[in-house]
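Only heavy atoms go into these numbers, but all of them, side chains included; no hydrogens, no water, no symmetry mates.
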Amino acid sequence: MTPNSCSQTAAAAAACLDLTAVSDLIARQHWSRLKALAGTTSAAAAAQLLHLLLDSPHANPPTLRLLFRWSESHFRSPQPLPLHCRLLHSLAAAKLYSDLRFELHSLAKSGRHSAPSILHSLSISGDTRRRGASLSVIADMLVLALVKNSRTESALEAFYRSRDYGCRLSVLSCNPLLSYLIKEGRIENVEKVYKEMIRRRIAPNLITFNTMIHGLCKARKLRRAGDLVEDMKTWGFSPSVVTYNTLIDGYCKSGQAGKMYKADALLREMVLAKIHPNVVTFNTLIDGYCKDGNSSAAARFLEEMKRQELSPNVVTYNSLINGLCGEGKVDEALGLLKEMDDSNVMPNVVTFNGIVNGFCKKGMLAEAKGLLDDMLERNVTPSVITFNTLIDGHCRSGLMEDAIALKRLMSGSGIRPNVSTYNCLISGFCRNGDMSSATKLLDEMEENDVKADLITYNVLISALCREGKMAKAVKLLDEMQDIGLQPSHVTYNTLIDGLCKKGNLRAALNIRARMEKGGKHANVVTYNILIKHFSGRGKMHEANELLNEMLEKGLVPNRVTYDIIKEDMVERGYIPDIDGHLCNDAA
DNA sequence: ATAGGGTTAG
């Protein structure tokens, strides 16, 4: 068959076009002349021509793509999926991978088709003999395209379904899939995908392992993360600086006892293994120590990194500035801001937010507000968080009018108040017992289409509890569950506390039952509330039983627990007969 | 294609 001969279809016979001339017009994008020659006056006609060109052995894939793109934009209507799939196959066969990526990207972005229908259409399209090999490449790129377009659910479907078509995927799509699932906090899916990768003999690489370790750390499964480090070694990969940084960060954020000691041990271990700590390593440690309330240890790490000739960057300084401000050491934070200037590290909005927060915490509201001018001078644009911090600071000092003025100022600077803004203000009004102003803000939220969140409800519930309006408070619990908001421990504990204070133990236990039903287990705070309720009423036996129950569950008593035991029980002459845990810890 | 920083509730 020669390129100019008509192919076997009836449509082609009718058209009997000079395909070389047609291709030439397409390549030169002479669309009106193409219309005259080939009659492409509709999307359907263009589709027909595309099929014709695809059937011709001399079809040129880039030309096909030009025609396809022109048709979709010119007629403002998408071409049918089977045709798109034929185009994808021809691009894959010609190894035009960047064009293929682009086409899959637009297919994924449009969201018109589900992953299974795309895979199915691909599987029955294209040259039967070469389909298998190119199907794998296309499916692999499809998963990647779906991930990049935040269509994680479809990406997962494509990942699993592609197995039914015998596709061999690669780490190039699986790694980003894992990474996105982690970003979305869907750790169960992460582990499933990983296991499926192994089952399908998609060999994990160093990045797969680092990503998985990150996911497990984020899910606070530190032991499993450690197991994976051993796994990676059996696959022939040595932990890299990223592996260590991830683990160090995992421990810093784990909340477990001695976490900073573990983080420090990992630092020593990596140095011993001749893996050099980098800026991220130090930043992670500095942030970890700051969050642990130990900014002086963090400051020593800043010195250490300088000694190792690693340049602290804006993240380094931000972590330390935030830590210092959190401890009320705003002067030292300002010293660091000066140091940034000296070493040409540009402060950004996060830097200033930290200092604004520091001033607010000390009640130095004029200084905090004054930072807005400094920011302006330095070309740093305040963010919602800057204003929220300022607003919250004013609310906490009872300066509600100034807080409202700041909200106007932020709107005037083109920053829309978000839920947090409203939460700060509502909580401020509630603290002042001004429920009518709080309610007005709730209405305003509705008008501005800002949805109430968990914190909004917690704030309102605790305000109602303080006023003893328990029926209304419980009603809000129902309401939030109705609109699909998961109540938190705080929500339940606030209600339990309110009900206990009213002496309504039965209702309090009812909420506790709802809490368990909602998958949230009683925590230390829950027990403290209940123990306080009993011991405060002289029911020492019940209080004691709750103490034991709490310890049996492995919950660790905190300061509040000890205060209750000391003031309500011991000082009134009752010695809890709970087992050894308490004596050891209390001593 | 993998790792690090900011506000708000009890």
Any donor-acceptor pair under 3.5 Å from Ser413(A) side chain to Ile415(A) backbone:
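Between the backbone of Ile415(A) and the side chain of Ser413(A) there is no qualifying donor-acceptor contact (under 3.5 Å).
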
Would you indicate what [X] reaches in the nucleic acid, counting non-hydrogen atoms under 4.0 angstrom: base, sugar-phosphate, or nothing?
| X | answer |
| --- | --- |
| Lys218(A) | nothing |
| Asp497(A) | nothing |
| Val314(A) | base |
| Val419(A) | nothing |
| Val384(A) | nothing |
| Val490(A) | base |

For [X] and [N], give me the distance from atom [atom1] to atom [atom2], rounded to whole Å.
| X | N | atom1 | atom2 | value |
| --- | --- | --- | --- | --- |
| Asp563(A) | dG10(B) | CG | C1' | 16 Å |
| Ile182(A) | dA3(B) | CD1 | P | 8 Å |
| Arg396(A) | dG10(B) | CZ | C1' | 11 Å |

Counting only side-chain N and O atoms of [X], is one of them less than 4.0 Å from OP1 or OP2 of [N]?
| X | N | result |
| --- | --- | --- |
| Lys183(A) | dA1(B) | no |
| His214(A) | dA3(B) | yes |
| Lys253(A) | dA3(B) | no |

Given the structure, check if the side chain of [X] and the base of [N] hold any donor-acceptor pair shorter than 3.5 Å.
| X | N | answer |
| --- | --- | --- |
| Asn205(A) | dA1(B) | yes |
| Ser383(A) | dG6(B) | yes |
| Thr211(A) | dT2(B) | no |

Closest to the [X] side chain: [options]?
| X | options | value |
| --- | --- | --- |
| Asn245(A) | dT7(B), dA3(B), dA9(B) | dA3(B) |
| Thr246(A) | dA3(B), dA1(B), dG10(B) | dA3(B) |
| Asn523(A) | dG10(B), dA1(B), dT7(B) | dG10(B) |
| Asn322(A) | dG6(B), dA3(B), dA1(B) | dG6(B) |
| Thr389(A) | dG6(B), dT7(B), dA9(B) | dT7(B) |

Considering non-hydrogen atoms only, spot the tightest contact between Pro347(A) and Arg378(A) and give its length.
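Where Pro347(A) meets Arg378(A) most closely, the heavy atoms are CG-NH1, 3.4 Å.
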
Take atom NZ in Lys501(A); do more than 12 heavy atoms of anything else shown fall under 6.0 Å from it?
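Counting other residues, nucleotides and ligands, NZ of Lys501(A) stays at 12 neighbours or fewer.
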
For the CD1 atom of Ile511(A) and the OH atom of Tyr492(A), what is their distance to the nearest 0.5 Å?
8.5 Å

When rounded to the nearest 0.5 Å, the distance separating CG of Leu372(A) from CG of Leu406(A) is 7.5 Å

